[in-house]
A.B. asks: 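Questions regarding the structure given below will be posed in turn.
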Amino acid sequence: MKNCLILLFVLVCSLTSFSQSIDVDWRTIFDGNDLSEWEIPKNNVWWAIDEGVLWAKSDSDQVGSILWTKQKYKDFEVQLDFKFGDGIVDTGIYMRGDDSKNVQIQIGESGSLKRDMTGSPYVPSLGYPVEAEGIKELLKLNDWNTIRARAIGNTYTVWLNGERVMNYQLENANLTGPIGIQLHPEKEMTVQFKNISVAEL
């Protein structure tokens, strides 16, 4: 009986470790040179590359924009570095599209909640069903941050600067779609991105 309990404990620990640290094969989808992996919006005035960094900047009418990958993904991880710029930054990573059965991982302040919700999942039909933990201690407001987001089936996990901060399951989630980076409408802001990579799982 004791041996069975020990074996069960080892198995659970192994599964937990696997769920948190899957070995992945990263592929760069923004290396600082071009946006060949992305669908550039028509009449683009929002997205520009300067010295290896992707800048997102609000237009004068503040209509906002989403930069979508050309490829669609099923189970994957996406990782990028971001740095807040001017204004009130409200951006995020769309995980498989932008309809009501989808998750966006927030970066910056929530327009509805008026406070920082970095790392938290936003679902159009639900708002913010859970809130990422430990963000205040981890988030660097005046320097680069690294965010990593995983989607496996309907389960979403987020790490900020190397620490796991969120895990969430969405019923009836979209299971395939592109990755998107949002520049929120009705905002005056700039935000920077670099080292964007994705790994299919």
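All values reported here derive from a predicted model rather than from experimental measurement.
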A.B. asks: Are the side chain of Thr28 and the backbone N or O of Ser197 linked by a donor-acceptor pair below 3.5 Å?
C.D. replies: no
A.B. asks: Can you tell me how far the CZ atom of Phe193 sits from the CD1 atom of Ile93, to the nearest 0.5 Å?
C.D. replies: 7.5 Å
A.B. asks: Considering residues, nucleotides and ligands other than Glu186, do more than 12 of their heavy atoms fall under 6.0 Å from its CD?
C.D. replies: no
A.B. asks: Verify, without hydrogens or angle tests, whether Asp75 (side chain) and Gly153 (backbone) share a donor-acceptor contact under 3.5 angstrom.
C.D. replies: yes
A.B. asks: Are Val24 and Phe30 co-members of a hydrophobic cluster defined by side-chain heavy atoms under 4.5 Å apart?
C.D. replies: no
A.B. asks: Would you say Tyr94 and Gln182 are linked by a side-chain donor-acceptor pair, where the criterion is simply a distance under 3.5 Å?
C.D. replies: yes
A.B. asks: In Å, rounded to the nearest 0.5 Å, how long is the span from CD1 of Ile196 to CD of Gln79?
C.D. replies: 11.0 Å
A.B. asks: Is it the case that the side chain of Asn174 and the backbone of Asn102 share a donor-acceptor pair, with hydrogens and angles ignored and the cut-off at 3.5 Å?
C.D. replies: no
A.B. asks: Is any side-chain heavy atom of Ile147 less than 4.5 Å from a side-chain heavy atom of Phe82?
C.D. replies: yes
A.B. asks: Which distance, rounded to the nearest 0.5 Å, do you find between the CZ of Phe84 and the CH2 of Trp144?
C.D. replies: 11.5 Å
A.B. asks: Decide yes or no on salt bridge (charged side-chain N to carboxylate O under 4.0 Å, His left out) for Glu77 and Arg150, but give the supporting numbers first.
C.D. replies: CA-CA 4 Å; Glu77 289 189 8; Arg150 176 192 296 166; 2.7 Å; yes
A.B. asks: Out of curiosity, Glu171 CD to Lys101 NZ, how far, rounded to the nearest 0.5 Å?
C.D. replies: 11.5 Å
A.B. asks: Strictly distance-based, threshold 3.5 Å: is any side-chain N or O of Ser100 a donor or acceptor partner for the main-chain N or O of Ser125?
C.D. replies: no
A.B. asks: Same cluster for Leu160 and Val130 if Ile/Leu/Val/Met/Phe/Trp/Tyr side chains link at under 4.5 Å?
C.D. replies: yes
A.B. asks: Does Gly97 offer a backbone N or O that forms a donor-acceptor pair with the side chain of Lys72 under 3.5 Å?
C.D. replies: no
A.B. asks: Determine, using the 4.5 Å side-chain heavy-atom cutoff (strictly less than), whether Tyr128 and Met95 are members of one ILVMFWY cluster.
C.D. replies: no
A.B. asks: Would you compute the distance between atom CD1 of Ile88 and atom CG of Asp116 and round it to the nearest 0.5 angstrom?
C.D. replies: 11.5 Å
A.B. asks: Examine Ile181 and Val198 and state if one hydrophobic cluster contains both, with Ile, Leu, Val, Met, Phe, Trp and Tyr joined whenever side-chain heavy atoms are less than 4.5 Å apart.
C.D. replies: yes
A.B. asks: Report yes or no: does Asn145 contribute a side-chain atom to a donor-acceptor pair with the main-chain N or O of Asp143 at less than 3.5 Å?
C.D. replies: yes
A.B. asks: For the backbone of Val63 and the side chain of Asp61, can you confirm whether one donor and one acceptor N or O come within less than 3.5 Å of each other?
C.D. replies: no
A.B. asks: Show the nearest heavy-atom pair for residues Ile105 and Ala149, with the distance to one decimal.
C.D. replies: CG1-CB, 4.1 Å
A.B. asks: Are Leu54 and Leu67 close enough that some pair of their side-chain heavy atoms sits under 4.5 Å apart?
C.D. replies: yes
A.B. asks: For residues Lys83 and Asn142, report the shortest heavy-atom separation together with the two atoms involved.
C.D. replies: CE-O, 3.8 Å
A.B. asks: Are the side chain of Thr157 and the backbone N or O of Asn167 linked by a donor-acceptor pair below 3.5 Å?
C.D. replies: no
A.B. asks: Would Leu170 and Met166 show up in the same hydrophobic cluster when neighbours are defined by side-chain heavy atoms closer than 4.5 Å?
C.D. replies: yes
A.B. asks: Lys187 and Gly111: which non-hydrogen atoms are nearest, and at how many Å?
C.D. replies: NZ-CA, 3.9 Å
A.B. asks: How long is the span from the OG atom in Ser65 to the CH2 atom in Trp46, to the nearest 0.5 Å?
C.D. replies: 5.0 Å
A.B. asks: Main chain of Met189, side chain of Ser58: is a donor-acceptor contact present, judged purely on distance under 3.5 Å?
C.D. replies: yes
A.B. asks: Are Gln106 and Asp90 linked by a side-chain donor-acceptor pair shorter than 3.5 Å?
C.D. replies: yes
A.B. asks: Would you sort out whether Tyr73 and Val78 count as a side chain to side chain contact (heavy atoms under 4.5 Å, CB included), showing the intermediate values?
C.D. replies: CA-CA 10 Å; Tyr73 298 90; Val78 58; over 6 Å; no
A.B. asks: Is the shortest distance from a Lys or Arg side-chain nitrogen in Arg115 or Glu131 to a carboxylate oxygen in the other one below 4.0 Å?
C.D. replies: yes
